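Written below as structure tokens is the structure these notes are about.
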Amino acid sequence: MREDLLTIKEIYKDPGAFYGKEVRLAGWIRNIRDSKVFGFIDLNDGSCFSNLQVVFEADKLDNFEQIAKLGVGSAILVKGILTESPGAKQPFEVKAESIAVEGVSPSDYPLQKKRHSFEFLRTIAHLRPRTNTFSAVFRLRSILAYAIHKFFQERDFVYVHTPIITGSDCEGAGEMFRVTTLDLNALPLDDQGKVDFSEDFFGCDTKLTVSGQLSAEAYALAFRNVYTFGPTFRAENSNTARHASEFWMIEPEMAFADLADDMKLAEDMMKYIISYVLEHAPAEMEFFNSFIDKELLERLNNIVSSEFAHVTYTEAVKLLEKSGEAFNYPVKWGMDLQTEHERYITEKVFKKPVFVTDYPKEIKAFYMRLNDDGKTVAAMDLLVPGVGEIIGGSQREERLDYLDARIEELGLNKEEYWWYRELRKFGGTRHAGFGLGFERAIMYMTGMSNIRDVIPFPRTPRSAEF
RNA sequence: UCCUCAGUAGCUCAAUGGCAGAGCACUCGGCUGUUAACCGAGGGGUUACUGGUUCGAGUCCAGUCUGGGGAGCCA
């Protein structure tokens, strides 16, 4: 049976090939309207964005009564003839010869035919992929993931699977989730009364990764160009539309590369993946442009064809100081740029993606390479209109004495970084990389404004039900 | 975590401190080409929770919980 099944996507690719012929389809009822002796079903089979209209008639089906009573959400198998449709809203339809019910959907099915709020749909995360918006979002998510792999693979970057469980606390990118098999009601204690992690599964205190970067650096110093693409975890109590506790990151790392190479890669990648989804998901992108964000396609097309802007942190501060804008937070060299500042720069000054580079070392991570001025580091953030920071990257400090100085300045434990330091000791080279938040990229390309709506089952503070 | 707004039927929302309402959904009936079908009827409520003020609270007050928007942290 299964191999006989056609998909709606296949029919749309070449409808002429199927006109007048018998087709077999399987899918879910999105809408059903019945009259005394005939009815219409809008069938969605998940293969593409479009529904297919199924016409069913009492004199053709022996189970007409049963079919007419089916609720939205029911799963059915349809056998029928594909014909051109007299109706205005669809080019073709299937005249059913038989319909088998695979799974009914009772009257308490929570999805209506009309629009729901995203807030409500989050409470039924197991059913929301059956809606138009989420169907489009998650198909796009899949296509975008493929585009990212394709971009790096075409450039001979090696895909590295960095660990999810990490033994050290030295990734330096935020609060971490602890991984343990210890009985929390009977914790083993050492002679100082502290938890004895030598009794734990790994024999030490372990956490979920917040970044694959340090591991990726090790592989870059062997393969030259590598990338990671996997889940990361942050235990921060962030309650915003742009933060999740579990999200995916893409982290390329290149040896024999500096910050300029890094920005070139980031710009090429952004343009590549935008072009890719525009070309390979036109129906979904058109949907987002119509129902989610009216300026989406214009903005994305504009980005593909324009040069990204570049500005140093110091120049950005000057621009903000003489802008005359009344910011809630003061602008001062040495302070990190606030969200309102970033938005002003990317949305008002440049009106396109902007790399902000060379931040003061005090507000950036220990591994970023110190510039010759001794005050700034070779870091870059890519700011985009609407989303804000989408990429953060840097050239890494390859000089061991400089790295050690920063580790000591920040009061970090040098021993914990022993293998990271050895990468500098044995054939260290200049190298650079960045992190792209996968969900933020999806938000940017769909116009969706809440990260919870671009992750199938999002994890956020106090929320992990599904 | 902070600021702010909100929480009433399955959903989206009304209701001056004075009878708990509508549209959609759902159930039943009607309808020979519908398009978020249409027409008729019906069922459906611990007004988030706890306490307080009041003759009387969905409405006012306090606390808690949940959600939205903004901020911090960041990707």
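By convention in this document, chain letters (A, B, ...) are assigned in the order of the sequence lines, proteins followed by strands, and residues within each chain are numbered from 1. All of these numbers come straight from a predicted model, not from anything done at the bench.
As a whole-Å value, the separation of A:Lys36 NZ from B:rC31 C1' is 8 Å. As a whole-Å value, the separation of A:Ile455 CD1 from B:rA75 P is 15 Å. Taking atom CZ of residue A:Phe92 and atom C1' of nucleotide B:rG33, one finds them 18 Å apart after rounding to whole Å. A:Ile41 has its CD1 atom 15 Å from the C1' atom of B:rG33, to the nearest Å. Nucleotide B:rC74 holds its P atom 11 Å from the OH atom of A:Tyr359, rounded to whole Å. Look at CD on A:Glu65: it is 9 Å from P on B:rG30, rounded to the nearest Å. Rounded to an integer number of Å, the gap from CD1 of A:Ile451 to C1' of B:rC74 is 10 Å. Atom NE2 of A:His116 and atom P of B:rC13 are 12 Å apart (whole Å).
Each of A:Gln53 and A:Phe120 was matched to the nucleotide of RNA chain B holding its nearest heavy atom; the match closer to the 5' end belongs to A:Phe120.
Considering only side-chain N and O atoms, A:Ser35 lies nowhere under 4.0 angstrom from the phosphate OP1 or OP2 of B:rU34.
Straight-line distance between the C1' atoms of B:rG7 and B:rA48: roughly 6 Å, to the nearest whole Å. If you take atom P in B:rG58 and the same atom in B:rC19, they sit 10 Å apart, rounded to whole Å. Separation of the P atoms belonging to B:rA71 and B:rU59 is 32 Å when rounded to the nearest angstrom. B:rA6 and B:rG10 have their P atoms separated by 23 Å, given to the nearest Å. Nucleotides B:rC74 and B:rC65 are separated by 28 Å at their C1' atoms, to the nearest Å. Spacing of P atoms, B:rA15 relative to B:rA22, comes out at 15 Å, to the nearest Å. Of the C1' atoms belonging to B:rA57 and B:rC49, the separation is 16 Å, rounded to the nearest Å.
The aromatic ring of A:Phe247 sits over the base of B:rA75, with ring centres less than 5.5 Å apart and planes inclined by under 30°.
Contacts of A:Glu321 classified as salt bridge (Lys or Arg N to Asp or Glu O under 4.0 Å), with partners at least two apart in sequence or in another chain: none. Checked against side chain to side chain contact (heavy atoms under 4.5 Å, CB included), A:Ser394 has the following partners two or more places apart in sequence or in another chain: A:Tyr367, A:Met368, A:Ala379, A:Arg396. Under the salt bridge (Lys or Arg N to Asp or Glu O under 4.0 Å) criterion, A:Glu347 pairs with A:Arg343, not counting sequence neighbours. Partners of A:Glu389 according to the salt bridge (Lys or Arg N to Asp or Glu O under 4.0 Å) rule, which considers only residues two or more places apart in sequence or in another chain, do not exist here. Under the side chain to side chain contact (heavy atoms under 4.5 Å, CB included) criterion, A:Pro129 pairs with no residue at all, not counting sequence neighbours. Applying the side chain to side chain contact (heavy atoms under 4.5 Å, CB included) criterion to A:Ile363, with sequence neighbours excluded, gives A:Tyr313, A:Asp336, A:Tyr359, A:Pro360.
With hydrogens and angles disregarded, no donor-acceptor distance shorter than 3.5 Å links the side chain of A:His431 to the backbone of A:Glu397. Remark: side-chain polar atoms of A:Ser463 are not paired, donor with acceptor, to backbone N or O of A:Arg459 under 3.5 angstrom.
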Review item, side-chain donor-acceptor pairs of residues 81-91 of chain A, under 3.5 Å, at least two apart:
residue : atom : partner : partner atom : Å
A:Ser85 : OG   : A:Gly87 : N            : 3.2
A:Ser85 : OG   : A:Gln90 : NE2          : 3.0
A:Ser85 : OG   : A:Glu93 : OE1          : 2.9

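Using modelled atom types, one finds no donor on one side chain facing an acceptor on the other under 3.5 Å when comparing A:Asp358 with A:Thr312. No donor-acceptor contact under 3.5 angstrom links the side chains of A:Gln338 and A:Glu342, judged on distance only.
Residue-level contact check: A:Lys364 touches neither bases nor backbone, having no heavy atom under 4.0 Å from any strand. A:Gly87 comes within 4.0 angstrom of a base, heavy atoms only. When heavy atoms are screened at a 4.0 angstrom cut-off, A:Glu246 is found touching no nucleic acid atom at all. Residue A:Pro110 is classed as having no contact, given no heavy-atom separation below 4.0 Å to the nucleic acid. Residue contacts shown for A:Phe38 are limited to sugar-phosphate atoms, with no base heavy atom under 4.0 Å away. Using a 4.0 Å heavy-atom criterion, one finds that A:Ala244 contacts the bases of the nucleic acid, with or without backbone contacts as well.
Sorted by first and then second residue, the salt bridge (charged side-chain N to carboxylate O under 4.0 Å, His left out) pairs involving residues 45-58 of chain A (not counting sequence neighbours) are A:Glu57-A:Lys60. Applying the ring pair (Phe, Tyr, Trp, His ring centres under 6.0 Å) definition to pairs two or more places apart or across chains, those involving residues 53-94 of chain A are A:Tyr12-A:Phe92, A:Phe56-A:Phe64.
Classification of the A:Tyr272-A:Tyr276 ring pair by plane angle, with boundaries at 30° and 60°, yields parallel.
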Quiz item: So what does the secondary structure string of RNA chain B come out as, 5' to 3', with Watson-Crick or wobble pairs under 3.5 angstrom, [ ] for crossing and | for pairs with another strand?
Solution: (((((((..((((....[..)))).(((((.......))))).....(((((..]....))))))))))))....
Quiz item: Base, backbone or nothing for each nucleotide of nucleotides 21-29 of chain B, written B, S, -, heavy atoms under 4.0 angstrom, 5' to 3'?
Solution: --BB-SS--
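Each of B:rC74, B:rG33, B:rU32 was ranked by its minimum atom distance to the side chain of A:Val37; first place goes to B:rU32.
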Which pairs, protein N/O on one side and nucleotides 66-73 of chain B N/O on the other, fall under 3.5 Å?
residue : atom : partner  : partner atom : Å
B:rG68  : OP1  : A:Arg122 : NH1          : 2.6
B:rA71  : O2'  : A:Tyr329 : OH           : 2.9
B:rA71  : N6   : A:Asn239 : O            : 3.2
B:rG72  : OP1  : A:Gln338 : OE1          : 2.6
B:rG72  : OP1  : A:Thr339 : N            : 3.2
B:rG72  : OP2  : A:Thr339 : OG1          : 2.6
B:rG72  : N2   : A:Asn237 : O            : 3.3
B:rC73  : O2   : A:Ser238 : OG           : 2.6
B:rC73  : N3   : A:His243 : NE2          : 2.9
B:rC73  : N4   : A:His243 : NE2          : 3.2

